[in-house]
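One structure is given here, and the rest of the page talks about it.
Both counts, for ligands and for their atoms, begin at 1 and track the order of listing.
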Amino acid sequence: MERDKYLSAIKPRMPEKRYIHTIGVMETAISLAVKYGEDSTAAETAAILHDIAKYADEDWMRQMVKENGLDARLAEWGSEILHGPVGAWIAETEFNITNEDILNSIRFHTTGRAGMSKLEKIIYIADMIEPNRKFDGVEHLRKSASEDLDIAMKACICHSIRFLVNTEQPIYPVSIECFNDVISKYA
Ligand SMILES: [Fe+2]
Ligand SMILES: [Fe+2]
């Protein structure tokens, strides 16, 4: 089964806590896929692989970005931003995943982007609301995910941007593009 193959591939690459998070994202993504009429196998694969590069060496990731012509803006960012695009690259080259929607869901799971597909939104939201996540406001995000995918996406990106501003952290430009896109569509 693909699920077991991918789970055993990610397990040695991350601490137990991140593996448990990944299982939570997988279960949440599958239930959102069923609820909102998306392919649940695609959601499962994207969810299992979304953090595959989370603990990869930062210098190695920068090298990957350079060698493989990924977005040049990435070179100035840390692993928090790098692990999405590099994870998509691993999914493509190591696991031969060709479904661009799955790859984009992994690629943009941390930052979001303008014009996200349904699967991309499902992975982005599942990553934030899976049952092991504990932060102020998570219950509100879970409630919106149970009601409407686009409203939930708006609530999630607004939460992320607000958090980054409040903690005086830099915001990757692609996240700003996501925020502008979402608030213009779902005012
Ligand atoms: Fe991640
Ligand atoms: Fe994650």
Ile106, Thr22, Ile10, Val86 screened by side-chain contact (heavy atoms from CB on, under 4.5 Å) with Ile52, the one that passes: Ile10
Going by an N to O cut-off under 4.0 Å, is there a salt bridge joining Glu27 and Arg3? no
Can you tell me the N, O or S atom of Asp51 that's nearest the Fe ion (ligand 2)? OD2
Mind checking whether the Fe ion (ligand 2) has an N, O or S of His109 under 2.8 Å? no
Any N/O/S atom from Glu130 (main chain or side chain) under 2.8 Å of the Fe ion (ligand 2)? no
In degrees, rounded to 10 degrees, what angle do Asp127 atom OD1 and His50 atom NE2 make at the Fe ion (ligand 2)? 90°
Establish, from distance only, whether the side-chain atoms of His83 and His50 form a donor-acceptor pair under 3.5 Å. no
Does the gap between the ring centers of Tyr124 and Phe108 come in under 6.0 Å? no
